Amino acid sequence: MALRFEVRKTDPSGARLGRLITPHGVVDTPAFMPVGTAATVKGLTQQALEELGVQILLCNTYHLYLRPGHERIGRVGGLNHFMSWPRAILTDSGGYQVFSLAELREVSDAGVRFRSHLDGSEHLFTPEKAIDVQIALGADVLMALDECIEYPASHERARAAAGRTFEWARRSREHLAAHGSAAEQALFGIVQGGTYRELRQQNAEQLLELDFPGYAVGGLAVGEPHTLTCEMAAEVTARLPADRPRYLMGVGKPEDLADYVRLGIDLMDCVLPTRNARNGCLFTSQGRLLIKNARYAEDPRPLDEACTCLVCRSYSRAYLRHLFLAHEILAAVLHTHHNLHFYLDIMRRIREAIEFGDLAGFSAEFQARLEAEP
RNA sequence: UCCCCGGUAGCUCAACGGUAGAGCAUUCGGCUGUUAACCGAAGGGUUGUAGGUUCGAGUCCUACCCGGGGAG
């Protein structure tokens, strides 16, 4: 088995403390996976990611297929070697691009026909193709191609997308098994169903029959209220086997991470810490800090006085604001470093809280600090 | 001293004689499996000055002021 998952402790809330054991090392869960779409977490070196304690990265099948090409990556030794990242990698299937590249694609039962956002060329992504690409990339965890829909979406549309996603999951699993890569690479199935409880339930139960080594909850955090995200995720996790990792795709805000963990989620990923960093939005224990605000022009304090990261130990808000307004590359580098440190620190403290049986205490303290006066 | 070109938002510049705009800058906001070092909103003008022509002038005419270039 490519992947082993051990639940070390389950909190009364439903939160799980665990270990995901991959061919490229152990991932302590619940874990946050930084997003490195094009085989890079924009602004950071792989060495910096290791130093930050990142144990698993998310990369994107569709983007790497287009550029530099999965076959090329395969020829030069696979994604880990190519990007010099020794730890675990999960590759997203391109399912999210079904949602985000809406004007550039056409979905059918066969698969998704994309027009490349780079050069306009046409490409057919089938579930099988997505697996082939991910086999070439060589990630530890593969995601089945799915259809992620917008919010709000009609029941009929959500039902159709969930059904298609299930059928694609079945084909993905078969294709991977036929290839024989299942020994090294673990495929996760994805539950869809929009914001409809019974669709989520049905889709989850259906997917269980395919017996995946891990399950993902997709199609959430696309604009619906947080409570609805939680409701849907809960609907799914309640039906998933306890001994398999659960991945809530594309979340979330710092203040929401513990909520998802309480629903029994083990893995999460989100572009917020990295993208917002580049756009000058810094996450701190006192809430969001928009570094371009004039009030920081001569502020000698670090971004977050409670933060121990390299950036907060060395640089003032005044300096970071200058770098950002001057469009200096270092602003993106330092901001990304800080935001990822912040996310990883939250996850570390959540794991400790589960271990010591005080997840509720952690959340209360966290919320109180976010609501405090900066 | 004369000739030519120019003077419009903080900056660089648009605007057939018909409601003065853009980019950047400034201020503020947004970003959830990255088409994103991105996107959006707001504030900001006696169009160098003073006259004139016209129903109506940033635009045409006159004088002056300022800047650049040329001639002597």
Side-chain angles (χ1 to χ4, degrees), chain A residues 32-44 56-64 66-67 89-105 114-120 130 134 139 141-151 165 188 190-192 216-226 228-230 233 247-257 259-260 265 267-283 288-297 321 323-336 339 343:
Chain A
F32 178 80
M33 305 184 279
V35 177
T37 300
T40 168
V41 174
K42 301 181 197 306
L44 295 189
I56 180 168
L57 271 190
L58 179 146
C59 296
N60 188 277
T61 301
Y62 167 80
H63 290 274
L64 293 172
L66 284 184
R67 181 173 61 189
I89 296 176
L90 176 150
T91 41
D92 188 21
S93 61
Y96 186 75
Q97 280 61 48
V98 172
F99 164 74
S100 67
L101 301 178
E103 321 79 55
L104 293 172
R105 51 77 175 151
F114 285 106
R115 238 175 38 245
S116 162
H117 66 284
L118 298 174
D119 63 7
Q134 294 183 81
V141 178
L142 316 188
M143 302 305 300
L145 188 65
D146 67 324
E147 183 178 8
C148 179
I149 57 171
E150 69 288 345
Y151 173 84
T165 294
F188 283 20
I190 304 174
V191 177
Q192 287 289 344
V217 186
L220 292 177
V222 289
E224 80 282 3
H226 174 61
L228 199 49
T229 311
C230 289
Y247 164 28
L248 181 56
M249 309 183 77
V251 299
K253 297 176 185 173
E255 62 270 30
D256 296 339
L257 299 178
D259 292 339
Y260 303 133
I265 293 298
L267 294 167
M268 294 176 268
D269 77 284
C270 194
V271 301
L272 272 181
T274 47
R275 179 191 288 167
N276 282 20
R278 295 193 304 282
N279 294 334
C281 173
L282 288 317
F283 295 107
R288 294 186 183 203
L289 185 157
L290 302 182
I291 196 63
K292 65 186 161 186
N293 286 177
R295 61 176 172 277
Y296 303 125
R321 179 172 189 273
L323 291 180
F324 183 75
L325 293 182
H327 300 120
E328 285 293 335
I329 292 170
L330 188 57
V333 173
L334 298 178
H335 291 169
T336 303
N339 273 358
Y343 266 64

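What you see is a predicted model, and the numbers here were worked out from it, not measured in a lab.
A:T229 meets the side chain to side chain donor-acceptor pair (under 3.5 Å) test with A:E224; sequence neighbours excluded. For A:F99, the ring pair (Phe, Tyr, Trp, His ring centres under 6.0 Å) criterion is met by A:Y96, not counting sequence neighbours. Not counting sequence neighbours, the partners of A:Y62 by the ring pair (Phe, Tyr, Trp, His ring centres under 6.0 Å) test are A:F114, A:H117. Applying the side chain to side chain donor-acceptor pair (under 3.5 Å) test to A:D92 and every residue at least two apart in sequence or in another chain returns nothing. Scanning for ring pair (Phe, Tyr, Trp, His ring centres under 6.0 Å) contacts around A:Y260 gives A:H226, with sequence neighbours left out. Listed by chain and number, the residues in a salt bridge (charged side-chain N to carboxylate O under 4.0 Å, His left out) with A:D256 amount to none (sequence neighbours excluded). In this structure A:L118 satisfies the side-chain contact (heavy atoms from CB on, under 4.5 Å) test together with A:L66, A:R67, A:S116, sequence neighbours excluded. Remark: A:E328 pairs with no residue by the salt bridge (charged side-chain N to carboxylate O under 4.0 Å, His left out) rule, at least two apart or across chains.
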Under 3.5 Å, which donor-acceptor pairs do the side chains of residues 34-44 of chain A form with other protein atoms, sequence neighbours left out?
none

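When the P atom is used for both B:C31 and B:U47, the distance is 41 Å, rounded to whole Å. Comparing B:G58 with B:C2, their P atoms are spaced 29 Å from each other, to the whole Å. Rounded to a whole angstrom, the distance from the P atom of B:U8 to that of B:G68 is 15 Å. The gap from the P atom of B:G51 to that of B:G30 amounts to 50 Å, rounded to the nearest Å. Comparing the P positions of B:A9 and B:G23 gives an interatomic distance of 16 Å, to the nearest angstrom. Rounded to whole Å, the separation between the P atoms of B:A20 and B:U59 comes to 13 Å. Rounded to whole Å, the separation between the P atoms of B:A57 and B:A50 comes to 15 Å. Separating the C1' atom of B:G43 from that of B:U1 is a span of 47 Å, rounded to the nearest Å.
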For this session: Do nucleotides 32-37 of chain B as a string where each nucleotide becomes B, S or -: B if the base has a protein heavy atom under 4.0 Å, S if just the sugar-phosphate does, - if no protein is that close.
Result: BBBBBB

Exercise. Would A:Y247 and A:V141 count as a side chain to side chain contact (heavy atoms under 4.5 Å, CB included) if you check the C-alpha gap in whole Å, the side-chain angles of each, and the deciding distance to 0.1 Å?
Worked result: CA-CA 11 Å; A:Y247 164 28; A:V141 178; over 6 Å; no

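Consecutive Watson-Crick or G-U pairing (both distances under 3.5 Å) extending over three or more pairs maps onto RNA chain B as B:1-7 with B:65-71, B:10-13 with B:21-24, B:26-30 with B:38-42, B:48-52 with B:60-64.
For the pair A:L145 and A:A130, the tightest heavy-atom approach, listed with the atom from each and the gap, is CB-CB, 4.2 Å.
In this structure, the CG atom of A:L325 is 9 Å from the P atom of B:A25, given to the nearest Å. To the nearest angstrom, P of B:U26 lies 16 Å from CZ of A:R295.
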Look for any protein N or O under 3.5 Å of an N or O in nucleotides 40-43 of chain B and output each such pair with its distance, or none.
none

